[in-house]
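First up is the structure itself, then whatever we jot down about it.
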Amino acid sequence: MHNALAGKRVLITQATAFMGPVLCEVFAEQGAQVVRSEAPLADPAAAQAVAAQAGAIDVLVANLALPAPGTPVLEVDEQEWRDVFAALVDPLPRLVQAVTPGMISRGGGQILVIGSASALRGMKRASTYSAARGAQLAYVQAAGVELAPRNIQLNAIAQNFVDNPTYFPPEVQANPRFQERLAREVPLGRLVAAREDALFAAYLCSDAARCFVGQVFPVCGGWV
């Protein structure tokens with residue numbers, strides 16, 4: 001699969017958070033011209049500005065991250081709900097609307113959302129985060145089938161228990177309670193390596209994966 005992304009210009013958002021660093025590294029190894037964006041995306045005008053600065057792109061990787069609040073469901077307040085959706089959900093349609101006209105004019109493109117498997121399996125103290133991640137996946141499924149006739153493939157990775165500094169920093173991984181949970185809940189018996197996840201993402205953004213439309217791919221070591 002070496003050079004599977006040769007000749008492609010790829011915009012990766014929030015390039016220093018979540019899966020951003022390893023995606024940039026692996027996509028460059030695969031031959032892509034990586035456009036890294038570290039811009040915050042909460043402002044309604046931010047997505048359009050990021051797209052304009054990036055210029056012509058073949059692929060958008062919507063890497064959106066936020067430390068997950070661990071609030072019990074009865075204690076979630078209005079502000080938490082709004083903040084989580086503002087970070088994880090609101091930027092997604094703005095990004096898609098910002099990049100798709102250019103893709104359509106050039107004959108097509110690919111969009112991959114780095115989402116979460118928390119939308120696919122219930123987790124305690126994660127109602128706000130899971131709801132936002134679920135909205136991402138529902139959007140991908142609906143918008144994906146709508147964009148497919150324009151030769152734009154929109155898909156998502158729904159991940160959990162993937163090694164990354166946003167959700168599984170070293171101090172979490174070193175915690176014996178976390179290690180017990182990993183052994184109990186994840187059939188793989190370990191975290192999915194960051195590069196394993198990024199290589200799969202690279203495949204989904206390659207020409208070999210143009211048959212996938214509005215699909216959600218769990219990457220979670222069998223957790224779902």
Side-chain angles (χ1 to χ4, degrees), residues 1-39 41 47 50-65 92 95-96 98-117 136-137 140 143-145 147-166 168 188 190-221:
M1 198 182 119
H2 194 58
N3 288 332
L5 301 177
K8 290 184 183 285
R9 275 177 56 86
V10 180
L11 170 61
I12 299 176
T13 67
Q14 289 194 1
T16 60
F18 192 22
M19 300 304 296
V22 69
L23 288 169
C24 290
E25 177 185 319
V26 168
F27 276 50
E29 288 174 6
Q30 295 296 317
Q33 182 182 351
V34 176
V35 181
R36 298 167 171 82
S37 172
E38 300 174 17
L41 292 165
V50 166
Q53 189 171 10
I57 59 164
D58 304 293
V59 178
L60 165 67
V61 180
N63 175 62
L64 300 169
L92 184 53
L95 284 166
V96 170
V99 303
T100 49
M103 289 180 175
I104 291 167
S105 70
R106 290 188 300 278
Q110 287 157 294
I111 301 171
L112 180 65
V113 177
I114 308 300
S116 172
Q136 287 183 337
L137 301 188
V140 165
V145 298
L147 292 172
R150 314 303 292 270
N151 196 31
I152 295 173
Q153 292 83 42
L154 169 58
N155 296 292
I157 287 176
Q159 65 181 62
N160 195 10
F161 293 105
V162 174
D163 190 1
N164 74 84
T166 299
F168 300 107
L188 184 63
R190 62 171 175 84
L191 291 179
V192 176
R195 284 186 62 86
E196 290 174 317
D197 188 44
L199 283 165
F200 183 56
Y203 165 72
L204 290 176
C205 294
S206 73
D207 288 342
R210 301 210 81 128
C211 56
F212 300 116
V213 170
Q215 296 287 110
V216 172
F217 297 92
V219 176
C220 54

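Not measured: the values here are computed from a predicted model.
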Roughly how far, to the nearest 0.5 Å, is [atom2] of [Y] from [atom1] of [X]?
{"X": "Q30", "Y": "E25", "atom1": "CD", "atom2": "CD", "value": "11.0 Å"}
{"X": "Q14", "Y": "I114", "atom1": "CD", "atom2": "CD1", "value": "11.5 Å"}
{"X": "I111", "Y": "L95", "atom1": "CD1", "atom2": "CG", "value": "8.5 Å"}
{"X": "T13", "Y": "E38", "atom1": "OG1", "atom2": "CD", "value": "11.0 Å"}
{"X": "L199", "Y": "L23", "atom1": "CG", "atom2": "CG", "value": "10.0 Å"}
{"X": "L92", "Y": "Q136", "atom1": "CG", "atom2": "CD", "value": "6.0 Å"}

May I ask you to decide if [Y]'s main-chain N or O and [X]'s side chain share a donor-acceptor pair within less than 3.5 Å?
{"X": "D163", "Y": "A194", "result": "no"}
{"X": "N151", "Y": "G107", "result": "yes"}
{"X": "Q110", "Y": "R210", "result": "no"}
{"X": "R106", "Y": "D58", "result": "no"}

Taking every non-hydrogen atom, the tightest pair across [X] and [Y]:
{"X": "A17", "Y": "P21", "answer": "O-CD, 3.7 Å"}
{"X": "L11", "Y": "S37", "answer": "CD1-CB, 4.0 Å"}
{"X": "G20", "Y": "N63", "answer": "N-ND2, 3.4 Å"}
{"X": "N155", "Y": "G214", "answer": "OD1-N, 3.2 Å"}
{"X": "V216", "Y": "A158", "answer": "CG1-CB, 3.8 Å"}
{"X": "A54", "Y": "V35", "answer": "CB-CG1, 4.0 Å"}

### Query
Within a radius of less than 6.0 Å around CZ of R190, do more than 12 heavy atoms belonging to other residues, nucleotides or ligands occur?
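Enclosed: over 12 neighbouring heavy atoms sit under 6.0 Å from CZ of R190.
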
### Message
Just checking Q53: does its CD atom have more than 12 heavy atoms from other residues, nucleotides or ligands closer to it than 6.0 angstrom?
### Response
no

Close side-chain approach of [X] and [Y], heavy atoms under 4.5 Å:
{"X": "M103", "Y": "L147", "result": "no"}
{"X": "V61", "Y": "F27", "result": "yes"}
{"X": "L154", "Y": "V113", "result": "yes"}
{"X": "E29", "Y": "L5", "result": "no"}
{"X": "L112", "Y": "V59", "result": "no"}

For [X], side-chain contact (heavy atoms from CB on, under 4.5 Å) partners two or more places apart:
{"X": "P218", "value": "L120, C220, V224"}
{"X": "S116", "value": "S118, Y129, R133"}
{"X": "V219", "value": "I157, Q159, V162, V192, D197, F200"}

